[in-house]
Amino acid sequence: MAKKKDVTYVMVNEEMGVPVFPYDITDKPYKIIGVVTAGVRKATIFSKEPSQQKIYNEIWERGEKLGADAVIGAKYGDSHVTALSWGNTKAGGVAIKFLTAEEIAAGTKGDTLEGFDPEAWTGKKM
C-alpha cells in the first residue's frame, strides 16, 4: 500500500494542526486557486456535532487535492438533519497557493479575500 509522504507546510494553524484559517493571510502573498466545500455528517442522531478539528480536517483534505498551500476564510454552520443524514454541517473556504520568490521578484501581485466572491466561482453559498 502506498504511504502518504510527509510534507512540511509553510503555515499551520497551531490550534488545529492543519493549514486552515478562518481569516485572511496578509503577511505572505498568495494566489487564489479555488473554493473548497465540505459536508461533515454525524453517524447517528445521538452522535455529537462535528468538532472544529474534524471540520477543518475535511476542508483541508479538499484543499490539498487542489494543490493548495493553505485554506483561508474557513467557515462552517450549524448541523442540519436531512433525508440522507442525521446531521450535516456545511463548511468551506478558499484554497490558496503562496507566491514563489521568483514570482514576487517578477512583480506578481498577490490576491486577497477583500472583494472575493466564492459564489461567483462555485454558484453555491458557503
Side-chain angles (χ1 to χ4, degrees):
M1 185 188 295
K3 265 191 154 184
K4 195 173 181 182
K5 65 179 181 174
D6 288 334
V7 179
T8 304
Y9 295 101
V10 178
M11 298 183 88
V12 173
N13 181 334
E14 295 298 325
E15 289 181 44
M16 297 297 138
V18 290
V20 177
F21 303 90
Y23 48 80
D24 196 358
I25 292 174
T26 57
D27 60 340
K28 189 163 178 61
Y30 62 84
K31 59 185 168 193
I32 294 172
I33 60 172
V35 174
V36 294
T37 58
V40 184
R41 294 184 187 173
K42 291 173 35 172
T44 71
I45 195 165
F46 303 108
S47 298
K48 292 181 184 176
E49 295 294 320
S51 67
Q52 184 178 23
Q53 177 70 51
K54 182 172 174 73
I55 292 168
Y56 275 22
N57 285 342
E58 290 289 327
I59 293 171
W60 176 237
E61 258 184 44
R62 282 146 181 87
E64 200 171 29
K65 286 179 183 174
L66 288 177
D69 291 329
V71 176
I72 59 174
K75 297 179 184 178
Y76 60 93
D78 293 329
S79 184
H80 298 283
V81 176
T82 67
L84 301 174
S85 79
W86 291 111
N88 188 28
T89 302
K90 292 185 179 185
V94 179
I96 62 168
K97 191 102 175 131
F98 293 114
L99 297 180
T100 63
E102 293 80 22
E103 290 172 319
I104 294 168
T108 303
K109 293 276 187 193
D111 295 327
T112 66
L113 285 184
E114 186 177 327
F116 177 74
D117 180 13
E119 289 180 46
W121 280 46
T122 63
K124 299 180 196 172
K125 278 192 165 196
M126 275 187 25

Using only atom types and a distance under 3.5 Å, with no angle test, would you say the side chain of [X] pairs donor to acceptor with the backbone of [Y]?
X      : Y      : value
Glu103 : Thr100 : yes
Arg62  : Thr37  : yes
Asn13  : Phe21  : no

Compare every heavy atom of [Y] with every heavy atom of [X], then report the nearest pair and how far apart it is.
X      : Y      : answer
Ile55  : Ala91  : CG2-CB, 3.6 Å
Gly110 : Pro29  : CA-CB, 4.4 Å
Leu99  : Thr108 : CD1-O, 3.7 Å
Ala74  : Ile59  : CB-CD1, 4.2 Å

4.5 Å side-chain heavy-atom contact, [X] and [Y]:
X     : Y      : result
Val36 : Trp60  : no
Val94 : Phe116 : yes
Pro19 : Tyr56  : no
Tyr23 : Leu113 : no

Gap separating the NZ atom of Lys97 from the CG atom of Leu66, nearest 0.5 angstrom:
10.5 Å
Spacing of CG belonging to Asp24 relative to CG belonging to Asp27, to within rounding of 0.5 Å
10.0 Å
If only side-chain N and O atoms count, and only distance matters, is there a donor-acceptor pair under 3.5 Å linking Glu61 with Asn57?
no
Checking salt bridge (Lys or Arg N to Asp or Glu O under 4.0 Å) for the pair Lys31/Asp111: CA distance, chi angles, key distance, verdict?
CA-CA 5 Å; Lys31 59 185 168 193; Asp111 295 327; over 6 Å; no
